[in-house]
Amino acid sequence: MKRSIGMKSSYALTAQSIDSEITKISAGNFALGFESQSGLFVVQNYGRCDTDLNSEIKNWIGKYKRFKFFYASSPKSAFLKECKNYHAFDKNKIDNKTHPKKPENTDYNCPYCH
């Protein structure tokens with residue numbers, strides 16, 4: 001999948017790299033994947049965290065090679081970005097198969113569902 005999801009450079013998916021790059025405790029979005037031979041970041045999975053992006057991405061160490069991230073201004077904005085990604089990616093080419101769940105104790109709805 002060659003689609004950009006609006007995130008900066010990709011980084012090695014290691015604890016050291018995560019700690020070096022994700023320095024704020026924040027909600028946010030992430031993409032997981034690998035770098036192609038041509039240097040293109042290939043997304044295999046994406047997600048969000050409503051509280052501590054650094055800790056969440058560490059859960060994926062060993063499952064993917066590289067990550068990208070984006071700080072979110074709120075859990076709601078992280079949810080909306082994850083919904084946008086869900087509806088944009090071809091489900092046959094990515095590991096995400098189910099629609100993102102809304103943050104706990106909220107009534108947020110996906111603006112892309114009909």
Open item on the list: Tell me every residue that passes side chain to side chain contact (heavy atoms under 4.5 Å, CB included) with Tyr112, counting only those two or more places apart in sequence or in another chain.
Closed with: Cys83, Lys84, His87, Cys110
Task: Any residue meeting side chain to side chain contact (heavy atoms under 4.5 Å, CB included) with Asp19, in chain and number order, not counting sequence neighbours - done: Asn54, Lys58
TODO: Only counting residues at least two apart or in another chain, list the ones meeting ring-ring contact (aromatic ring centres under 6.0 Å, His included) with Phe67.
DONE: Tyr11
Open item on the list: Can you list everything that forms a salt bridge (charged side-chain N to carboxylate O under 4.0 Å, His left out) with Asp52? Sequence neighbours excluded, please.
Closed with: none
Task: Remaining members of hydrophobic cluster (4.5 Å side-chain criterion), Tyr108 - done: Phe79, Leu80
Task: For the student: nearest non-hydrogen atoms of Glu56 and Phe30, plus distance - done: CG-CE2, 3.7 Å
Task: Lys97 side chain vs Ile94 backbone, donor-acceptor pair below 3.5 Å - done: yes
Task: Distance, nearest 0.5 Å, that separates CD1 of Ile22 from CD1 of Ile57 - done: 3.5 Å
Open item on the list: Using the side-chain hydrogen bond (donor to acceptor under 3.5 Å, both in side chains) criterion, which residues pair with Thr23? Sequence neighbours excluded.
Closed with: none
TODO: For Lys24, check side chain to side chain contact (heavy atoms under 4.5 Å, CB included) against everything at least two apart and list the hits.
DONE: Ser26, Tyr71
Task: Which atom of Arg48 lies closest to which atom of Lys102, heavy atoms considered - done: NH2-C, 3.5 Å
TODO: Mind checking side chain to side chain contact (heavy atoms under 4.5 Å, CB included) for Ser74 and listing every partner two or more places apart, or none if nothing turns up?
DONE: Lys76, Ser77
Open item on the list: Tyr64: which residues meet the side-chain hydrogen bond (donor to acceptor under 3.5 Å, both in side chains) condition with it, sequence neighbours left out?
Closed with: Asn45, Asp95
- [ ] Quick one: closest heavy-atom pair of Phe41 and Leu32, and the distance?
- [x] CZ-C, 3.8 Å
Open item on the list: Quick check: do Thr14 and Ile61 have side-chain heavy atoms less than 4.5 Å from each other?
Closed with: no
TODO: Sequence neighbours left out, what passes salt bridge (charged side-chain N to carboxylate O under 4.0 Å, His left out) with Glu21? Give chain and number order.
DONE: none
- [ ] Please lay out, stage by stage, how Cys49 and Thr51 fare under the test side chain to side chain contact (heavy atoms under 4.5 Å, CB included).
- [x] CA-CA 6 Å; Cys49 182; Thr51 55; 3.9 Å; yes
Task: side chain to side chain contact (heavy atoms under 4.5 Å, CB included) between Asn29 and Lys81, intermediate numbers included - done: CA-CA 7 Å; Asn29 298 84; Lys81 173 74 171 162; 3.4 Å; yes
TODO: Assess whether side chain to side chain contact (heavy atoms under 4.5 Å, CB included) is satisfied between Phe34 and Gln44, documenting all intermediate values.
DONE: CA-CA 8 Å; Phe34 64 94; Gln44 296 175 288; 3.5 Å; yes
Task: Closest heavy-atom pair and its distance - His99, Cys113 - done: NE2-SG, 3.4 Å
Task: Separation between CG of Asn96 and OH of Tyr86, rounded to the nearest 0.5 Å - done: 9.0 Å
Task: Residues clustered with Ile25, ILVMFWY side-chain links under 4.5 angstrom - done: none
- [ ] Measure from the side-chain N and O atoms of Arg66 to the backbone N and O of Ser10, and report whether any donor-acceptor pair falls under 3.5 Å.
- [x] yes
- [ ] Indicate the atoms forming the closest heavy-atom contact of Asp50 with Pro103, along with that distance.
- [x] OD2-CB, 3.5 Å
TODO: Go through the steps for Val43 and Phe89 under the test side chain to side chain contact (heavy atoms under 4.5 Å, CB included), then give the verdict.
DONE: CA-CA 9 Å; Val43 177; Phe89 282 104; 4.1 Å; yes
Task: Partners passing salt bridge (charged side-chain N to carboxylate O under 4.0 Å, His left out) against Lys91 (at least two apart in sequence or in another chain) - done: none
